[in-house]
Amino acid sequence: MSRVATQVANVKLLIDGEFVESKSTQWRDVVNPATQVVLARVPFATADEVDAAVAAAKRAFVTWRKTPIGARARIFLKYQQLIRENMAELAAILTAEQGKTLPDAEGDVFRGLEVVEHAAAIGNLQLGELANNVAGGVDTYTLLQPLGVCAGITPFNFPAMIPLWMFPMAIATGNTFVLKPSEQDPMVTMRLVELALEAGVPKGVLNVVHGGEDVVNAICDHADIKAVSFVGSTRVGTHVYNRASLAGKRVQCMMGAKNHAVVLPDANKEQTLNALVGAAFGAAGQRCMAASTAVLVGDAQAWIPDLVARARTLKVNAGIEPGTDVGPVISCAARERVEGFIGDGVREGATLELDGRKPDVAGYENGNFIGPTIFSGVTPGMRIYDEEIFGPVLVLLTAESLDAAIALINANPNGNGTALFTQSGAAARRFQEEIDVGQVGINVPIPVPVPLFSFTGSRASKLGDLGPYGKQVVMFYTQTKTVTQRWFDDDTLHVGVNTTISL
Ligand code: NAD
């Protein structure tokens with residue numbers, strides 16, 4: 001945390017269509033994790049600024065909710081085009097502040113862009129139902145109406161994709177929005193917000209406040225906010241769910257993970273090892289869908305040396321350097337945390353097959369780098385198994401059978417993603433049926449659903465019924481109103497007063 005300084009750009013708030021400088025006295029540096037260069041300063045917005053953003057969104061809702069579907073859809077058609085045209089710039093900002101490689105940064109933007117494309121199809125998504133003649137001359141139909149002001153709170157690891165999970169669908173369904181991006185890397189989010197305004201999102205319909213705990217609590221408590229979408233850790237998400245629900249809001253929280261990949265001995269070895277290494281160490285393991293845990297069943301346990309050899313070939317470097325596989329983790333604190341986990345793993349008796357601590361990265365000696373790290377002999381009860389590490393650390397467990405692997409996964413508190421590697425359709429179907437996890441991949445290491453479907457999760461990975469994007473989020477961001485109507489066109493239908501419950 002630092003006092004206001006003028007050397008670097010200050011990240012602005014967006015209130016009522018204007019990018020404004022916060023009056024806060026609390027600011028934080030946005031730091032390039034590969035170099036420690038300060039890129040900008042981000043404010044922790046004041047309570048008045050949060051109120052002003054919500055008030056602007058509330059005013060804008062009065063007209064925005066009545067905007068025709070076509071007008072809303074065309075904004076998102078334009079928006080997806082602008083994101084495509086600015087892809088290289090967006091990825092460069094993202095890599096500078098978040099650390100992931102440039103191709104992976106483009107992937108981050110692209111997975112959000114897919115949701116924007118989906119929002120452009122809102123006319124086909126926000127449809128009610130109608131039943132003709134539910135009684136004589138009576139029809140019943142539903143309206144899916146926007147809720148009002150909705151808010152979104154996002155994590156650092158996908159600063160493009162996750163904000164784009166939220167505000168395009170909320171706005172396309174007729175709501176107005178207050179976004180609270182991660183304070184660690186808000187710059188690409190702000191560039192995306194600028195492009196949204198350029199695409200035609202009217203003033204007050206999208207607002208942005210920055211900050212941490214206080215701003216998040218203000219959002220949870222605010223009487224004029226009707227729904228809150230959160231993506232981040234289980235600890236914070238549980239707090240947001242409880243606090244915002246108590247204040248009467250709809251809440252959806254997508255939270256932490258410990259994703260298990262199960263490898264059966266009949267799997268295609270080459271493809272499986274490549275998939276595992278990519279899914280464990282890509283984005284330096286800072287994906288909620290990272291395959292951070294592998295369960296090797298039976299003879300697949302003999303593949304450990306080959307897995308380690310493959311991980312050893314990955315290139316650790318700054319995200320802007322061509323050919324980089326693993327960039328830095330987000331902050332010095334994150335690097336220390338992950339190194340702490342590695343130390344604990346050694347102390348607790350796991351076998352450190354590959355130690356990525358303190359890699360040499362020429363030209364980036366100050367970066368928050370940790371190379372691929374692999375532990376074998378890991379068991380429940382060890383901290384490296386029980387907690388989400390969120391770094392480039394893969395822990396290997398063994399199981400004697402598919403059923404034992406399923407039991408292990410279902411006993412873990414988290415239920416975000418999982419994958420099975422096998423050539424057996426029967427095993428795959430058994431896994432799909434028995435596993436209690438939201439995203440299930442069969443020979444697909446990171447099965448993040450495209451926006452025709454919704455992201456989901458079980459147990460400690462999700463609170464709230466409905467997930468982000470896809471059909472579910474249309475239900476989340478709308479109130480179903482059920483209308484039953486009768487029109488009298490013939491006086492003879494009048495049958496007098498009826499005090500029974502029939503139509
Ligand atoms: P985080 O929980 O620390 O932060 C998320 C948001 O909450 C940020 O906007 C932050 O400012 C705010 N926040 C932080 N501390 C707070 C507090 N004490 N009170 C109120 N608000 C607070 O998460 P992160 O470190 O930014 O992101 C990594 C986590 O997000 C991992 O656990 C990862 O698994 C999870 N994640 C989950 C999904 C999913 O879809 N399930 C997707 C991406 C990330």
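These numbers come from a predicted model, not from an experiment. Start at 1 and go down the list; that is how both ligands and their atoms are numbered. All residue numbers in this chain count up from 1 along the given sequence.
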Below 6.0 angstrom between ring centroids: does that apply to His118 and Phe453? no
Consider ligand 1: state whether an atom of it lies below 4.0 angstrom from any non-hydrogen atom of Gly211. yes
Need the ligand 1 atom indices (1-based, order shown) with element for anything under 4.0 Å from a heavy-atom of Phe390. 28 (C), 31 (C), 33 (C), 34 (O)
Numbered atoms of ligand 1 (with element) below 4.0 Å of Lys180, judged on heavy atoms: 8 (C), 9 (O), 10 (C), 11 (O)
Is Arg383 salt-bridged to Asp386, going by a charged N under 4.0 Å from an acidic O? no
Strictly under 4.0 Å, does any heavy atom of Trp165 approach an atom of ligand 1? yes
Where at least one partner belongs to residues 173-193, residue pairs that pass salt bridge (Lys or Arg N to Asp or Glu O under 4.0 Å), sequence neighbours excluded: Glu89-Arg191, Lys180-Glu183, Arg191-Glu194
Looking at atom 31 (C) of ligand 1, what's its closest protein heavy atom, distance included? Glu388 OE1, 3.5 Å
Would you kindly specify which portion of Asn416 sits under 4.0 Å from ligand 1, judged on non-hydrogen atoms: side chain, backbone, both or neither? side chain
Region of Ile162 engaging ligand 1 - heavy atom pairs below 4.0 Å: side chain
With sequence neighbours excluded, residues passing salt bridge (charged side-chain N to carboxylate O under 4.0 Å, His left out) with Lys258: none
In the complex you have, is atom 15 (N) of ligand 1 within reach of the protein, judged by whether a heavy-atom distance drops under 4.0 Å? yes
